[in-house]
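Read through the structure below, which is laid out as structure tokens, and then see the notes.
Index from 1, following the sequence.
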Amino acid sequence: MFRPPRGMKDLYGIDFRKYDYIVRTAQKVAEKYGYEMISAPIIEHTEVFQRAIGDNTDIASKEMYTFLDKGGDSITLRPEGTAGVIRAIVTNSLTQNLPVRLMYYGEMFRYDRPQKGRYRQFRQLGVEYLGDKSPYTDSITIATASEILNAIGIFDFEILVNSLGDDETREAYIKAIVKYFSRHKNRLSQDSQIRLQKNPLRILDSKDRGDIEICSMAPRIMDYFSKDAGNYFDKVCELLEKYGVKYEVDPFLVRGLDYYSHTAFEFKPTKGEYKDSIGGGGRYDKLLSQFNGPDVSGIGFAFGIERLMLLLDNQKFKGNIRRVAVTPVTDKENDIAFELFKTLHACDIAAEFLHVGNLSKKMKVADRLNCEITLLIGENERANGTVTVKFMNVADEARKTKEVNINEIVGFIKYALERS
Ligand code: HAM
């Protein structure tokens with residue numbers, strides 16, 4: 001038996017319907033906020049991600065699917081969407097008309113340890129907003145993300161926000177945490193001891209229990225904000241309140257990617273078993289210039305689609321597209337039933353033509369397909385020029401079936417479906 005590679009899943013049935021619904025709903029909300037779609041390649045030159053995400057992050061150092069292609073170039077399956085979209089914006093000189101607002105969705109790849117909600121191939125939907133650097137844009141972007149969740153039908157989540165400040169802030173803060181973590185060096189995990197040398201901020205998003213305990217007493221970035229960074233963050237919080245967006249300040253939220261400055265945020269579920277982050281994002285000041293683009297700041301976020309899917313009720317996605325089953329009782333009625341099936345389709349009614357097997361098998365299939373109505377044509381109906389309409393979900397025997405003239409059946413079905 002062939003199986004997909006570890007951490008990768010086939011997406012079909014209810015799951016595909018959920019995926020499709022999430023993407024379409026998010027797209028509608030994003031359009032309202034002025035976003036247009038972009039689809040960048042799924043693979044990029046490895047350097048695109050190394051530059052953007054930062055060499056010493058877990059993603060770039062451990063989790064990337066990197067290969068030499070047949071021409072000997074190092075290429076990487078995208079672990080996230082932002083780097084490729086920013087590269088595309090610079091390649092295509094899209095910053096000539098600011099602001100640029102782009103939405104994307106699709107497959108991402110991280111060689112992580114698979115578990116519930118964590119896969120090696122997963123899907124994200126995200127947006128990037130370039131230009132208009134201001135707390136207004138930041139609060140609008142967080143509100144956009146929150147509205148996307150609400151439109152999808154997800155209400156039980158919290159928004160954690162923090163600021164990574166400007167260069168001046170981070171320089172002072174990194175000095176302070178290096179001093180702090182150096183004091184606890186021997187108790188840090190192996191990975192975090194390396195982080196202490198190479199990228200100390202990353203210790204703050206370590207998943208190691210011992211590290212988490214040490215981190216809880218670490219200095220907080222807000223105590224090192226420059227005046228500008230502090231004012232900027234205060235204004236973002238004030239605007240979120242005006243927007244009616246509920247949030248919590250998490251002083252240790254640093255996100256797992258190196259490109260952030262100022263506002264950073266994350267979304268976490270508050271109900272149910274699943275507790276990990278369902279999405280996150282933040283502002284980045286230098287990404288465009290890192291790709292030799294203009295000095296334009298941006299902000300964006302991405303949701304993990306599989307994680308959103310975990311929060312949706314399966315019941316609502318049972319799928320009920322084929323609603324009417326046209327069912328000849330025996331083979332003798334096949335042709336007349338086929339004519340009726342064609343007529344229903346021409347009138348935009350979703351129909352199934354169930355002509356294989358005996359009647360009981362056909363009825364079972366109608367049930368399995370969740371058909372609400374079965375149209376039966378047998379010897380009597382053929383003789384009378386009628387169809388027997390059977391309402392599959394009606395228990396009351398008196399209302400369960402009705403014989404209708406075949407010439408009136410389309411109008412009858414349309415009326416019945418509208419009312420159901
Ligand atoms: P991220 O936090 O690395 O941010 O990923 C965003 C979301 O993708 C996570 O919150 C999570 O829901 C989902 N995700 C991440 N890894 C996995 C996985 N292995 N399996 C399933 N879902 C996963 C970014 O990727 C940034 N590019 C967001 C951004 C956009 N920042 C600015 N613009």
Qualifying residues under side-chain contact (heavy atoms from CB on, under 4.5 Å), relative to [X], sequence neighbours excluded:
X	result
Gln121	Met8, Glu107, Phe109, Arg123
Pro219	Tyr173, Ala176, Ile177, Tyr180, Tyr224
Arg78	Ile42, Phe49, Met108
Lys62	Asp58, Asp191, Arg195

Q | ring pair (Phe, Tyr, Trp, His ring centres under 6.0 Å) contacts in which one or both residues fall within residues 51-85, not counting sequence neighbours | A |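 Of all non-adjacent pairs touching residues 51-85, those that pass ring pair (Phe, Tyr, Trp, His ring centres under 6.0 Å) are Tyr65-Tyr111.
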Q.
Please list all pairs meeting ring pair (Phe, Tyr, Trp, His ring centres under 6.0 Å) that have one or both residues in residues 121-147, counting only residues at least two apart or in different chains.
A.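 Listed once each, the pairs would be none.
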Please determine if [X] and [Y] form a salt bridge, counting it only when a charged side-chain N lies under 4.0 Å from a carboxylate O.
X	Y	answer
Glu171	Lys175	no
Lys9	Glu306	no
Lys400	Glu397	no
Glu372	Arg323	yes

Q) Under 30°, 30 to 60°, or over 60°: which ring-plane class applies to Phe317 and Tyr21, parallel, tilted or perpendicular? A)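 Ring orientation, 0 to 90° scale: perpendicular.
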Q) Where the side chain of Asn405 meets the backbone of Asn407, is there a donor-acceptor pair that is under 3.5 Å apart? A)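 Looks like yes, one N/O pair under 3.5 Å.
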Q.
Closer than 3.5 angstrom, by distance alone: can the side chain of Glu408 be matched with the main-chain N or O of Gly411 as a donor-acceptor pair?
A.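 No.
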Q. Going by atom types alone, do Ser297 and Arg283 pair a side-chain donor with an acceptor below 3.5 Å?
A.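 Yes.
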Q: State, without any angle test, whether Tyr259 and Thr82 hold a side-chain donor-acceptor pair at a distance under 3.5 Å.
A: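 Yes.
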Starting at [atom1] of [X], measure out to [atom2] of [Y] and round the result to the nearest 0.5 Å.
X	Y	atom1	atom2	answer
Tyr274	Asp276	OH	CG	4.0 Å
Glu352	Thr327	CD	OG1	9.5 Å
Ile214	His184	CD1	NE2	6.5 Å
Ile305	Ile278	CD1	CD1	12.5 Å
Ile154	Met309	CD1	CE	11.0 Å
Arg113	Lys207	CZ	NZ	11.5 Å

Within 6.0 angstrom of [X] [atom1], more than 12 heavy atoms from elsewhere:
X	atom1	answer
Lys185	NZ	no
Phe341	CZ	yes
Glu47	CD	no
Asn97	CG	no
Asp69	CG	yes
Gln96	CD	no

Which residues share a salt bridge (charged side-chain N to carboxylate O under 4.0 Å, His left out) with [X], sequence neighbours left out:
X	value
Asp166	none
Lys133	Asp285
Arg187	none

Q: Work out which heavy atom in Val90 is nearest to a heavy atom in Phe291; give both atom names and the distance.
A: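 That closest heavy-atom pairing would be CG1-O, 3.4 Å.
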Q | Where Ser146 and Ile159 come nearest, the two heavy atoms and their spacing | A |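 Closest approach of Ser146 to Ile159, heavy atoms only: CB-CD1, 4.1 Å.
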Heavy-atom side-chain proximity of [X] to [Y] below 4.5 angstrom:
X	Y	answer
Ser74	Thr66	yes
Cys215	Phe181	yes
Asp55	Lys198	no

What residue pairs, at least two apart or across chains, pass salt bridge (charged side-chain N to carboxylate O under 4.0 Å, His left out) with a residue in [range]?
range	result
residues 24-38	Asp20-Arg24, Lys32-Glu147
residues 83-95	Glu44-Arg87
residues 245-258	Arg202-Asp258, Arg255-Glu266

(Q) Run Leu257 and Tyr284 through side chain to side chain contact (heavy atoms under 4.5 Å, CB included) and show every step you take. (A) CA-CA 10 Å; Leu257 306 130; Tyr284 41 82; over 6 Å; no
Q: Mind running side-chain hydrogen bond (donor to acceptor under 3.5 Å, both in side chains) on Ser206 and Asp211 for me, showing each step along the way?
A: CA-CA 6 Å; Ser206 166; Asp211 288 352; 2.8 Å; yes
Q) Stepwise, does the side-chain hydrogen bond (donor to acceptor under 3.5 Å, both in side chains) test hold for Arg101 with Tyr33? A) CA-CA 9 Å; Arg101 283 169 290 193; Tyr33 283 91; over 6 Å; no
Q: Evaluate side chain to side chain contact (heavy atoms under 4.5 Å, CB included) for Arg307 paired with Arg118, printing each intermediate quantity in order.
A: CA-CA 8 Å; Arg307 295 194 185 175; Arg118 199 204 285 154; 3.9 Å; yes
Q | salt bridge (charged side-chain N to carboxylate O under 4.0 Å, His left out) evaluation trace for Glu213 with Arg209 | A | CA-CA 6 Å; Glu213 204 187 309; Arg209 277 209 185 154; over 6 Å; no
Q. Do Asp138 and Thr263 pass the side-chain hydrogen bond (donor to acceptor under 3.5 Å, both in side chains) test, and can you show the C-alpha distance, the side-chain angles, and the key distance before you say yes or no?
A. CA-CA 7 Å; Asp138 296 18; Thr263 316; 2.6 Å; yes
Q: Let me see the working for Tyr104 and Glu128 under side-chain hydrogen bond (donor to acceptor under 3.5 Å, both in side chains), right down to the final yes or no.
A: CA-CA 9 Å; Tyr104 53 90; Glu128 308 300 337; 2.7 Å; yes
Q: Could you go through the side chain to side chain contact (heavy atoms under 4.5 Å, CB included) check for Ile140 and Asp132 one step at a time?
A: CA-CA 11 Å; Ile140 292 171; Asp132 292 350; over 6 Å; no
Q.
For Phe16 together with Tyr19, are the ring centres under 6.0 Å from each other?
A.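 Aromatic pair counts; centres sit under 6.0 Å.
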